[in-house]
S.K.: 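Once you've had a glance at the structure underneath, I'll fire off some questions.
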Amino acid sequence: MNKNEKIEALIQKRQEVMMGGGEKAIQKQKESGKLTARERIDLLLDKGTFNEYDLFIQHDARDFGMADKVLNGDGVVIGTGLVEGKPICVFAQDFTVVGGSLGYRHAMKITKIQDVAMKMKVPCIGINDSGGARIQEGVGSLAGYGDIFYRNTQASGIIPQISVILGPCAGGAVYSPALTDYVFVVDKVSKMFITGPEVIKTVLGEEISQEDLGGARVHSEITGNAHFFAHNEEECFKQIRKLLSFIPHNNIPQNDEKTSDKPEVNIDINSVVPVDPSKPYDVRDIIKAISDKSDFIEVMERFAKNIVVGFGRIGGKTVGFVANQPLYLAGVLDVDCSDKAARFIRYCDAFNIPIITLVDLPGYLPGIDQEHAGVIRHGAKILYSYSEATVPKITVILRKAYGGGYIAMSSRHLNADFVYAWPTAEIAVMGPQGAANIIFRKEISEAENPDEMRKQKVEEYKERFANPYVAAAKGYVDAVIEPAETREMLLHALLLCRNKVVVKSDKKHGIPPF
Amino acid sequence: MNENNIKIVIDDIEYDTFSITSFEKKKKWKQPDDRIITSIIPGTIVEIFVHEGNNVHEGDSMLVIEAMKMNNQIKFERNGVVDKILVKPGDIVSRGQQMIILK
């Protein structure tokens, strides 16, 4: 072979391997409504920026007649590329090659790209589409999973890790996504569970479809395992690219920021919040009214909707919003929304993202189911994560801030840097009705007309305590501001917080309530 | 998705708001009754060690149920007198099905 022939041979060899499981298997993949591994990588990355590694890897299995089998790429594609000009690492399991099953070399390719991501401090995106462990490789494939889980955990809080579920992801395989920061799912395509419908039927005699057991909607709305829901793969990769444009690409403090743009939505911020604390509104309107370009990406939009978390920018710099949502369940704190908010707060803290908290909540959700589900332990996570966070913490109390909910929502007492309140704020130990009923129980029950007396006492209590000025008088609120002043106040506070110094304690790590 | 208009009452204030999926799916709590012994797992009854009217003590063997390819021996968790036996060997029981009632 001369030089040109050798180059020609390489090109041909490449083309062969890049066909994965072959035309028939690719056809089948398409028929099941899925894209191929390489098509997915193309959707994720800037055009033509993908560099692939370990294309010619060979699998390890020697038993059960596997030795002579050729598995192209060993069922996974790994490499690096650019998203909006910034480098990232990616792996994509190739379902066309023996169902994307995970053997030892397959896992080694994944851990190799994880190691590159860690060393270069760039995000790692994993596209999952696999039938699970390659049984023929026995304990070798278990070793592979373990090696991946270990690296997921080591990388946590250092680089963003994103999992995309685009096919089955069952058994032990679910734990890599579960250990990463964000899980993306696509309707009708994603399936995640520890034990599938067959096992459940055999063991428990209960029949359920894959979709109903662990489909995209289940994980987005009920379990909280998934953070982003898309209707198709194209939308999913657009969401990932958008998220990557908001979040820092590693935990090294940096000052890269976009230009500061004014909010775009035409919302009169003074008129969004009804004065009557029992009336709902969409808190996302407030977020949009104070964010650059009104651009906001919501995390876990479909789960525990009584709290809103997500990223926006203020003055060109990314901030994390945590906001009670009066539109759903009156914005109460409960088990699910505590988990959701606490993890988001810890994410922001790990990646140096300032946290803006918007407060309007009646307190914790009463109920036997909540108590038995462990609302004490789960609710404590919010207190823990706010108290622990050392990033700039700025709080705006929009309306109700009653009782334990007031303390939990990044109050001054949990070491918020700045606490502002709108004139509509009601910062009190509980709502006026409840408080008056307790404090004036005797007067009310002994009155000639108890209902009249109750009404009068509630009014009295409202007048005196349902406002921001009692807390402001004690210095728990730094400033009572007009709603329209909010963005300017936040811009200024964020500027001040730029050089925030926090003395680190020498503890190894805390023991947060799990 | 459930987008039902609901009211939530906290500290005597009634809040106007919308429901969410997980809130709709919450399980209703029931007062536990330790006289009623239900199957914790679906399976097949293999053997029953007691008869109606028997005096039983905590730790006594009650029955064997085959489930998940295992013969599981179920024991009484409290003292009592067997009032009713609702299953017999060979019966297939589902999860939560009543098997024995104590007096």
S.K.: Chain A heavy atoms under 4.5 Å from B/Lys25: which part of the residue, side chain, backbone, both or neither?
M.R.: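 The side chain, not the backbone.
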
S.K.: Any chance you could measure A/Lys305, atom NZ, to B/Phe18, atom CZ, to the nearest 0.5 Å?
M.R.: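 That separation rounds to 10.0 Å.
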
S.K.: In terms of heavy-atom proximity below 4.5 Å to chain B, should A/Val458 be classed as side chain, backbone, both, or neither?
M.R.: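 For A/Val458, there is no contact with chain B at all, as no heavy atom is under 4.5 Å.
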
S.K.: Please output the residues of residues 358-370 of chain A in contact with chain B, using a heavy-atom cutoff of under 4.5 Å, in numerical order.
M.R.: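 Against chain B, the residues of residues 358-370 of chain A that fall inside the cut-off (heavy atoms, under 4.5 Å) are A/Pro362, A/Tyr364, A/Leu365, A/Pro366, A/Ile368, A/Asp369.
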
S.K.: To the nearest 0.5 Å, how far apart are CG in A/Leu329 and OG in B/Ser22?
M.R.: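 The distance works out to 7.0 Å.
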
S.K.: In this structure, are over 12 heavy atoms from other groups packed under 6.0 Å from A/Glu206 atom CD?
M.R.: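 Enclosed: over 12 neighbouring heavy atoms sit under 6.0 Å from CD of A/Glu206.
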
S.K.: Measure distances from A/Ala436 to the heavy atoms of chain B and classify the residue's part below 4.5 Å as side chain, backbone, both or neither.
M.R.: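 A/Ala436 has no heavy atom closer than 4.5 Å to chain B.
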
S.K.: For the interface with chain A, which of B/Ile92, B/Asp16, B/Ile6, B/Val9 has the highest count of heavy-atom pairs at distances below 4.5 Å?
M.R.: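 Most heavy-atom pairs under 4.5 Å with chain A: B/Asp16.
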
S.K.: Main chain of A/Leu327, side chain of B/Thr17: is a donor-acceptor contact present, judged purely on distance under 3.5 Å?
M.R.: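 Yes; at least one donor-acceptor contact below 3.5 Å.
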
S.K.: How long is the span from the CD atom in A/Gln433 to the CG atom in B/Asp12, to the nearest 0.5 Å?
M.R.: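 Nearest 0.5 Å value for the CD-CG distance: 7.0 Å.
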
S.K.: In Å, rounded to the nearest 0.5 Å, how long is the span from CD1 of A/Ile222 to OG1 of B/Thr21?
M.R.: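 Here the rounded value is 6.5 Å.
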
S.K.: Just wondering, more than 12 heavy atoms not from B/Arg78 lying within 6.0 Å of its CZ?
M.R.: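 Counting neighbours around CZ of B/Arg78, more than 12 heavy atoms of other residues, nucleotides or ligands fall under 6.0 Å, so yes.
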
S.K.: Supply the atom-to-atom distance B/Ile10 CD1 to A/Ser278 OG, rounded to the nearest 0.5 angstrom.
M.R.: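 Answer for the CD1-OG pair, B/Ile10 versus A/Ser278, is 12.0 Å.
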
S.K.: Do other residues, nucleotides or ligands put more than 12 heavy atoms under 6.0 Å from B/Ile40 CD1?
M.R.: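 It does not: B/Ile40 CD1 has 12 such atoms or fewer within range.
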
S.K.: Of all the heavy-atom pairs spanning A/Ala330 and B/Tyr15, show the shortest one and how long it is.
M.R.: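 For A/Ala330 versus B/Tyr15, the nearest heavy atoms are CB-CB, 3.6 Å.
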
S.K.: For B/Lys75, look at atom NZ and say whether over 12 heavy atoms of other residues, nucleotides or ligands are found less than 6.0 Å away.
M.R.: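 Open: at most 12 neighbouring heavy atoms sit under 6.0 Å from NZ of B/Lys75.
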
S.K.: From B/Ile13 CD1 over to A/Tyr402 OH, what is the distance, rounded to the nearest 0.5 angstrom?
M.R.: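 Going from the CD1 atom of B/Ile13 to the OH atom of A/Tyr402 covers 4.5 Å.
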
S.K.: Please determine whether the number of non-hydrogen atoms from other residues, nucleotides or ligands lying under 6.0 Å from atom CD1 of A/Ile376 exceeds 12.
M.R.: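 It does not: A/Ile376 CD1 has 12 such atoms or fewer within range.
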
